Number of protein chains: 2
Amino acid sequence: MNSGILTIGDLSKATSTKVETIRYYERIGLLAPPARTAGNYRAYGDTELGRLSFIRRARDLGFGIDQIRALLSLSEKKKRSCKAIDAIARQHLADVDSKLADLMALRSELDSIIRQCGCGTIANCRIIEALAPIDASHR
Amino acid sequence: MNSGILTIGDLSKATSTKVETIRYYERIGLLAPPARTAGNYRAYGDTELGRLSFIRRARDLGFGIDQIRALLSLSEKKKRSCKAIDAIARQHLADVDSKLADLMALRSELDSIIRQCGCGTIANCRIIEALAPIDASHR
DNA sequence: CTTGACCCTGTAGTTGCTACAGGGTGCAGT
DNA sequence: ACTGCACCCTGTAGCAACTACAGGGTCAAG
């Protein structure tokens with residue numbers, strides 16, 4: 001029922017991916033060059049739809065292109081242990097955690113700076129002062 | 001004591017900014033073109049050091065270049081109210097909060113996917129399955 | 001007077017797209 | 001048959017915010 005020939009626009013709608021992005025994925029080798037119609041239009045099938053969905057989902061979860069490349073290549077070797085997959089995912093989780101920590105630290109610093117603002121004139125603005133913490137030992 | 005002529009390397013060390021980055025800031029107009037020595041070396045003073053410190057601190061806090069441009073230009077109008085400064089900072093805090101929320105949602109999803117991994121073969125890997133949530137209503 | 005650390009300009013690469021420009025294709029309506 | 005119009009094609013350039021050369025010049029120490 002769903003299995004027909006899909007244009008790039010169909011794929012785009014089905015996966016909420018811009019047409020240009022799909023062509024970009026093809027250019028960088030994340031998607032294989034598909035068959036073409038008589039009029040030189042790209043013709044996709046369900047296999048490509050699945051692969052692109054996988055890619056998009058992984059991107060949404062913050063995986064980088066190279067990680068996705070690795071995941072895709074591993075996912076084809078069905079008999080091997082999925083330890084390598086697990087390792088990639090865990091590494092990514094660690095990266096996310098470290099980004100989260102950074103962002104939370106940043107947030108709290110920013111928040112404390114903003115809280116000090118009495119909204120007077122800029123000459124005595126606490127935010128500006130907090131941003132320019134130069135050692136005033138000289139002059 | 002500290003007030004002499006600073007080379008770009010001095011500025012680089014003092015602010016933990018790469019030399020190339022300083023030149024980049026000059027190119028995009030965030031730093032004014034400095035004086036030059038006889039040998040065409042950039043010659044900075046404490047003013048530039050202060051300005052660059054400000055920029056780096058703001059970057060560390062996640063402000064974008066355009067926001068920093070606005071902060072710098074506002075910080076020169078000392079008599080005006082610092083409401084505009086406050087608004088930029090609050091906007092940035094809101095952006096950070098929204099990024100944090102996204103990242104935390106992502107983290108928990110990633111975590112739950114990883115937790116399902118029994119580390120069997122890839123053919124039945126839960127991580128791969130979770131990444132390819134294609135509607136299987138057809139075929 | 002040479003060696004090495006520094007500086008200069010200019011350009012290209014990074015990541016993951018996005019946005020044209022300048023065309024071709026396919027189909028519906030008249 | 002013709003005319004729109006939506007869609008497709010390739011190729012290139014742009015975004016943020018740097019980073020990394022290449023291919024040269026300058027300067028102080030030994």
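Throughout, protein chains are lettered first and strands after them, A, B, ... in sequence-line order, and every chain is numbered starting at 1. Values in this document were obtained by computation on a predicted structure and should not be read as measured data.
Not a single donor-acceptor contact under 3.5 angstrom links the side-chain atoms of Tyr24(B) to the base of dT19(D).
In this entry the distance linking CD1 of Ile22(B) with C1' of dC18(D) reads 13 Å, nearest Å. Separating the CG atom of Leu52(B) from the P atom of dC18(D) is a distance of 11 Å, rounded to the nearest angstrom. Rounded to whole Å, the distance from CZ on Arg36(B) to P on dT9(C) is 4 Å. Note: NZ (Lys18(A)) to P (dC9(D)) measures 17 Å, nearest angstrom. With rounding to whole Å, Phe63(B) atom CZ is found 20 Å from dC18(D) atom C1'. Atoms CD (Glu26(B)) and C1' (dC8(C)) sit 11 Å apart, rounded to a whole Å. Counting to the nearest Å, the P atom of dT14(C) and the CD atom of Glu20(B) are 17 Å from each other.
The two residues Ile8(A) and Ile22(A) make their nearest non-hydrogen contact at O-CD1, 3.8 Å. The shortest heavy-atom contact between Leu61(A) and Leu106(B) is O-CD2, 3.2 Å.
Contact check, Thr7(B) against dC6(C): no side-chain N or O comes under 4.0 Å of OP1 or OP2. The side chain of Thr21(B) places no N or O atom within less than 4.0 Å of a non-bridging phosphate oxygen (OP1 or OP2) of dA17(D). The shortest distance between the side-chain N/O atoms of Arg42(B) and the OP1/OP2 oxygens of dT9(C) is below 4.0 Å. Phosphate contact (OP1/OP2 of dC18(D), side-chain N/O of Arg27(B), threshold under 4.0 Å): absent.
Two residues, Asn40(A) and Arg56(A), neighbour DNA chain C, and the one matched to the more 5' nucleotide by heavy-atom proximity is Arg56(A). Take the nearest nucleotide of DNA chain D for Ile65(B) and for Val19(A): the residue whose nucleotide is more 5' is Val19(A). Heavy-atom distances to DNA chain C give each of Lys13(B) and Gly64(A) a nearest nucleotide, and the one nearer the 5′ end belongs to Lys13(B).
Between Asp60(A) and Arg57(A) there is no salt bridge, since no side-chain N of the basic residue sits under 4.0 Å from a carboxylate O of the acidic one. A salt bridge is defined here as a Lys NZ or Arg NE, NH1 or NH2 lying under 4.0 Å from an Asp or Glu carboxylate O, and Asp95(A) with Lys99(A) fails to meet this definition.
Contact annotation for Thr37(B): no contact, since no heavy-atom pair falls under 4.0 Å across all strands. Residue Arg23(A) is in base contact, counting any heavy-atom pair closer than 4.0 Å across all strands shown. Among the atoms of the strands shown, only primed sugar atoms or phosphate atoms (P, OP1, OP2) are found under 4.0 Å from some heavy atom of Tyr25(A). Contact annotation for Ile28(A): no contact, since no heavy-atom pair falls under 4.0 Å across all strands.
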>> As a quick check of understanding, evaluate salt bridge (charged side-chain N to carboxylate O under 4.0 Å, His left out) for Asp66(B) and Arg69(B), giving each step before the final call.
In response: CA-CA 5 Å; Asp66(B) 282 348; Arg69(B) 237 186 265 276; 3.6 Å; yes
